[in-house]
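Comments concern the structure below.
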Amino acid sequence: MSVTLKSRYRISRACLSLAPALALSLAAGNAAASGFQLREQGSAGQGSSFAGATSSARDLSTIYFNPAGLTRLSGHAAQANMSFVIPSAKFKNNGSTLAGTAALGSNDGGDAGGLELVPSLYALYSHSNDLKFGLGINAPYGLKTDYKSGWQGRFHALKSELKTINVQPTVAYRISNWVSVGGGINIQKADATLSNAINNAVLGGAGEGYTELSGDDWAVGYTMGATIQPFSNTRLGIAYKSRIEHTLEGDVRFSNVGALAADSRFVNTKGSVKLTTPDMLSLGITYNITPAWAVMGEAAWTNWSLFDETRVKKANGSADTVNPENWEDTWFFALGTNYQATDKLDLSFGVAFDEAPVPDGYRTPRIPDSNRVWASLGAGYAITDSINLTGAYTHIWTGKAPISKSSITTDVLRGKFDTSVDIVTLGLTARF
């Protein structure tokens, strides 16, 4: 797969963005799920760490997680969610070196994270009890890291950003009392910007230069799913999302390169890079211990091994810039519970384990990822018969993220990243 436009000069600062026509904007700090995935697509599911997201159909976000779940919802409805994602990524140096005359200094880059907003919108139209139509607009992928100018790893990364907008028209049909199916088309825009400093002296120039790569693309994929209810208190869900293959096209720009401007590798030009968002297969189970109390489980596989290299092609004919990534497939596991405390109030809790796709030997400061452990709690309240408000909080602990990475100019970034994520999500659903 390739999501990095890294003409050695960049790969992945991800963010988010939502349909301007709907007056929303998105941006994400360090992705709140592994890799550059954003799992924050619904406030009800957030409160249980998305346990049972494929089987529960607790709100309209089932359009994203499993479109077949729409058959469990009645009437017409609209839902808006907003996640406040607060990531932190701090580098601690342990033996980094810079080649040539460049000064290492004590600037550790500061906190590369920061508050970002991740919205999502959903709508449901019930043609009948058995036939449902839906529409989802969200940002399923994104990530952003932004380091201070002059930091110790500036020749590896300064600013990295990926934004996605996904529009998903959906249809679901109840085949029988115990089986429903659903599917949708994912129309997705991806927009990336990556930058880093250049160690001019090592390349035959003087001082330090700067390069930035930007590009965007529209592409199409699909999603499909099914729910099966073998017993009145047990429901199973299965869903698949296809990979989406983008070719991001845009500009490769350079500044302050001095005498290197005579080399075609450092001349402003058009460029492109492939970005493939991965396939996902998810399984969910919801079991009602009592009519008011349910426990849920979730397992999701993500095909991150598609992301084996980053290859930047330049229109001026200079050689491709290739960076090995060698990501690995991952699993996400979650266990949660939901309790209907009163007619108006429901409570939820959940924990999850989220594998990182990045092997230690291929970790970069653009995506300083590591294994994650989630803990979430949430609540929903029926303000009226037709309006429901939900809220959730998640804290994500991350494992150690050591790095030992050499740049093309043999500048070595060595140390570790301390990372964590806090998420607050609010959602409002109106039924008509």
Side-chain angles (χ1 to χ4, degrees), residues 13-33 35-50 53 58-67 69-70 73 77-87 113-124 134-144 146 161-170 184-193 216 218 223 241 244 277 348 374 376 378-381 383 387-394 396 421-431:
R13 162 239 212 197
C15 160
L16 315 163
S17 168
L18 208 67
L22 295 170
L24 288 178
S25 66
L26 304 170
N30 293 320
F36 48 89
Q37 185 181 35
L38 294 165
R39 203 174 291 274
E40 296 68 42
Q41 306 301 334
S43 52
Q46 188 78 48
S48 58
S49 295
F50 298 102
R58 292 175 57 200
D59 65 7
L60 270 65
S61 66
T62 191
I63 289 172
Y64 173 78
F65 293 104
N66 185 355
L70 279 180
L73 306 178
Q79 179 180 333
N81 302 288
M82 180 66 75
S83 291
F84 301 83
V85 182
I86 310 167
L115 171 65
E116 302 290 350
L117 305 181
V118 183
S120 58
L121 291 177
Y122 303 100
L124 164 66
L135 178 68
I137 303 175
N138 60 358
Y141 298 97
L143 183 140
K144 174 182 176 180
D146 193 358
E161 179 177 20
L162 170 68
K163 301 178 183 179
T164 61
I165 301 172
N166 195 82
V167 180
Q168 182 187 317
T170 299
I185 300 298
N186 290 310
I187 305 164
Q188 188 176 102
K189 182 182 181 182
D191 188 323
T193 301
D216 59 30
W218 284 92
T223 184
K241 292 185 184 301
I244 299 180
T277 60
S348 58
W374 297 44
S376 306
Y381 187 77
I383 300 173
I387 298 178
N388 193 76
L389 177 67
T390 53
Y393 169 74
T394 297
I396 300 177
V421 186
D422 290 286
I423 305 165
V424 176
T425 300
L426 298 174
L428 185 68
T429 302
R431 297 176 179 84

What pair of heavy atoms forms the shortest contact from [X] to [Y], and how long is it?
X    : Y   : answer
L124 : L60 : N-CD2, 3.8 Å
Y141 : L38 : C-CD1, 3.5 Å
A44  : D59 : CB-OD2, 3.3 Å

Would you say the side chain of [Y] lies within less than 4.5 Å of the side chain of [X], judging by non-hydrogen atoms?
X    : Y    : result
R58  : S48  : yes
V421 : P87  : yes
S120 : Y64  : no
N138 : L121 : no

Under 3.5 Å, which donor-acceptor pairs do the side chains of residues 422-431 form with other protein atoms, sequence neighbours left out?
{"residue": "D422", "atom": "OD1", "partner": "Y393", "partner atom": "OH", "Å": "2.5"}
{"residue": "D422", "atom": "OD1", "partner": "H395", "partner atom": "ND1", "Å": "2.7"}
{"residue": "T425", "atom": "OG1", "partner": "S83", "partner atom": "OG", "Å": "2.8"}

Going from [atom1] on [X] to [atom2] on [Y], what distance comes out if it is rounded to the nearest 0.5 angstrom?
X    : Y    : atom1 : atom2 : result
N81  : Q79  : CG    : CD    : 4.5 Å
S61  : E40  : OG    : CD    : 12.0 Å
T164 : D216 : OG1   : CG    : 13.0 Å
F84  : L115 : CZ    : CG    : 7.5 Å
Q168 : L135 : CD    : CG    : 8.5 Å
I383 : L389 : CD1   : CG    : 5.0 Å

Quick one: do T394 and Q46 satisfy side-chain contact (heavy atoms from CB on, under 4.5 Å)? Show the steps, please. CA-CA 7 Å; T394 297; Q46 188 78 48; 2.8 Å; yes

Just checking, is any N or O donor in the side chain of R39 or Q41 under 3.5 Å from an acceptor N or O on the other one? no

Using the ring of each side chain (for Trp, its six-membered ring), is F50 parallel, tilted or perpendicular to F65, with breaks at 30° and 60°? tilted

Backbone of G184 reached by a side-chain donor or acceptor of T170 within 3.5 Å: no

Only one of I137, I187, N186 forms a side chain to side chain contact (heavy atoms under 4.5 Å, CB included) with N166, so which one is it? N186

